[in-house]
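Have a look at the structure below, then the notes.
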2 protein chains.
Amino acid sequence: MLAEDQRMVRGALAALLGLEDDLEVVGEASGGAEAVAVAARTRPDVALLDIEMPGGDGLAVAPELRAAAPDCKIMILTTFGRPGYLRRAMEAGAAAFLVKDGPAQELAAAIRRVVAGERVIDPALAAAALSAGPNPLSPRERDVLDAGADGSTIADIADRLHLSEGTVRNYLSSAINKVGARNRIEAVHTARAQGWL
Amino acid sequence: MLAEDQRMVRGALAALLGLEDDLEVVGEASGGAEAVAVAARTRPDVALLDIEMPGGDGLAVAPELRAAAPDCKIMILTTFGRPGYLRRAMEAGAAAFLVKDGPAQELAAAIRRVVAGERVIDPALAAAALSAGPNPLSPRERDVLDAGADGSTIADIADRLHLSEGTVRNYLSSAINKVGARNRIEAVHTARAQGWL
DNA sequence: AGATGACCATGACAAAAGTCATCGCGAACC
DNA sequence: GGTTCGCGATGACTTTTGTCATGGTCATCT
């Protein structure tokens, strides 16, 4: 099964896999929630999930998908090889983590290896994820940083999260400090780059 | 010819086009500069360019490509259907503007229409581009806004652009005002969403 | 020849953002 | 039972942003 929001890319990936005669695409989905429903219905051997999708990203729905279709292997396919993504993917029980930058043949090869029971992870990425360490941000710090990512003012964030302005300032300050940034914007950038948001 | 930086997507698109027996992929490139070189060598009828690429984006290299291979029709294929992108694509002489969200069959169909001499643009997108109006930012305002997008401080920007801090502040302020934002971050967001950056 | 507008710069001021010390509460852990 | 840590809050303080008025140069357009 294929879950990817960009239809043209999804169609192209389907075409790519269609060239392999031991592989068949039995279902397609354009979002996280839909992926779970489709998997429950079509019972695929393997689910290929994109991360950047509307309606619940691939990492968030992985647990639900495991519940809905326990025998289905989960493979994460993403544009960005962020250490934090890989970590979360592994914690969610994914069998593979691929980046779209990789060679096209790698996809079919990885699927076969996953079906055979192997786990497939780019060694360089694995090393980066390990050396980067875990997410240093507390849940609340993440919330606040994320809420401020779009240019919202402190008052906006406080309002949206039902916190006092001072509290928001403190969380923001400690988040900035923890990621080693000089201000909110830098903090959001580096946190995103690490896959911490 | 196919220019797209993500190899897996590029391979998948090639597979998709390979299914059509009146179409053939004669060259592939992973960046803007490479696209020009490949086009000069392989002389394709049509060049399919992604926008979000390293080494000069599709819009920037379109003029060079026209110079290098005058008979080659240029098609822009992008993730984001931003009004400003469409406008720039048209000004660069592109024959088509497609978004990756569209249906997969649309790609081959669009290529055939372009070869037949037609121009292919999503009507909804064209309307949005026209109603949004042209880029309100002056070149310098764009520079400053862009330089500050990564969280650089005013002093950083002033330094990088060889301007006084006050000047940077003024440009930033007028840019914020022009796009109707409340601060730098919001300004960058909306400017990006419109394709003005 | 005069208007317009992009460009660069100051200085002054108000409004945010960020830092720091300090406090209380509750849960987890040794 | 004490320590630690995440959570939420205050108040005071400094720095950074953003706004505004103003002024000058240069190129373009009418």
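Chain letters run A, B, ... following the sequence lines, proteins first, then strands; residues in each count from 1.
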Which value, rounded to the nearest 0.5 Å, describes the distance between [X] atom [atom1] and [Y] atom [atom2]?
| X | Y | atom1 | atom2 | value |
| --- | --- | --- | --- | --- |
| A/N170 | A/S164 | CG | OG | 8.0 Å |
| B/L49 | B/I74 | CG | CD1 | 6.0 Å |
| B/S174 | B/R140 | OG | CZ | 12.5 Å |

query = Can a side chain N or O of B/S138 be found less than 4.0 Å away from OP1 or OP2 on C/dG5?
reply =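 Negative; the distance criterion is not met.
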Hey, could you give me each pair passing salt bridge (charged side-chain N to carboxylate O under 4.0 Å, His left out) that has a residue in [range]? Not counting sequence neighbours.
| range | value |
| --- | --- |
| residues 181-196 of chain B | A/D156-B/R182, B/D146-B/R192, B/R182-B/E186 |
| residues 126-137 of chain B | none |
| residues 63-79 of chain A | none |

Smallest separation among heavy atoms of B/G81 and B/L125, with atom names =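 Minimum heavy-atom contact is O-CD1, 3.4 Å.
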Residues in contact with DNA chain D, drawn from residues 164-179 of chain A - heavy-atom cutoff 4.0 Å =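 Contacts with DNA chain D under 4.0 Å: A/S164, A/G166, A/T167, A/N170, A/Y171.
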inquiry  = My understanding is that a hydrophobic cluster links ILVMFWY residues whose side chain heavy atoms are under 4.5 Å apart, including indirect links. Using that, what else belongs to the cluster containing B/I176?
reply    = none
ask   = What's in the same ILVMFWY side-chain cluster as B/L161, cut-off under 4.5 Å, chained through other members?
value = B/L137, B/V144, B/L145, B/I154, B/I157, B/L163, B/V168, B/Y171, B/L172, B/V179, B/V188, B/W196, B/L197
ask   = How long is the line joining CD1 of A/I157 and P of C/dA16, in whole Å?
value =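 So the CD1-P distance, A/I157 to C/dA16, works out to 13 Å.
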message = Without decimals, in angstroms, what is the distance between A/L137 CG and D/dC7 P?
response = 10 Å
Pairing residues for B/A109 by the side chain to side chain contact (heavy atoms under 4.5 Å, CB included) criterion, not counting sequence neighbours =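 With sequence neighbours excluded, B/A109 shows a side chain to side chain contact (heavy atoms under 4.5 Å, CB included) to no residue whatsoever.
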message = Once side chain to side chain contact (heavy atoms under 4.5 Å, CB included) is applied, do any residues pair with A/E52, and if so which ones, sequence neighbours excluded?
response = A/D50, A/T78, A/T79, A/F80, A/Y85
request  = Report the residue from A/V26, A/L48, A/V46, A/V38 that forms a side chain to side chain contact (heavy atoms under 4.5 Å, CB included) with A/L2.
outcome  =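 Looking at A/V26, A/L48, A/V46, A/V38, the match for A/L2 under the side chain to side chain contact (heavy atoms under 4.5 Å, CB included) is A/L48.
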Side-chain donor-acceptor pairs under 3.5 Å in residues 5-14 of chain B, sequence neighbours left out?
from  : atom 1 : to     : atom 2 : distance (Å)
B/R7  : NE     : A/D101 : O      : 3.0
B/R10 : NE     : B/E28  : OE1    : 2.9
B/R10 : NH1    : B/E4   : O      : 3.0

ask   = For DNA chain C, what residues of residues 180-197 of chain A have any heavy atom nearer than 4.0 Å?
value =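 DNA chain C contact set from residues 180-197 of chain A: A/N183, A/R184.
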note = Here the residues of residues 139-149 of chain A within 4.0 Å heavy-atom distance, strictly under, of DNA chain C are none
ask   = Of the nucleotides C/dA9, D/dC7, C/dA17, which has the atom closest to the B/L163 side chain?
value = C/dA9
inquiry  = Report for the helix from C/dA1-D/dT30 to C/dC30-D/dG1: angle between first-end and last-end helix axes, five pairs each, rounded to 10 degrees.
reply    =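 It works out to 40° between the end axes.
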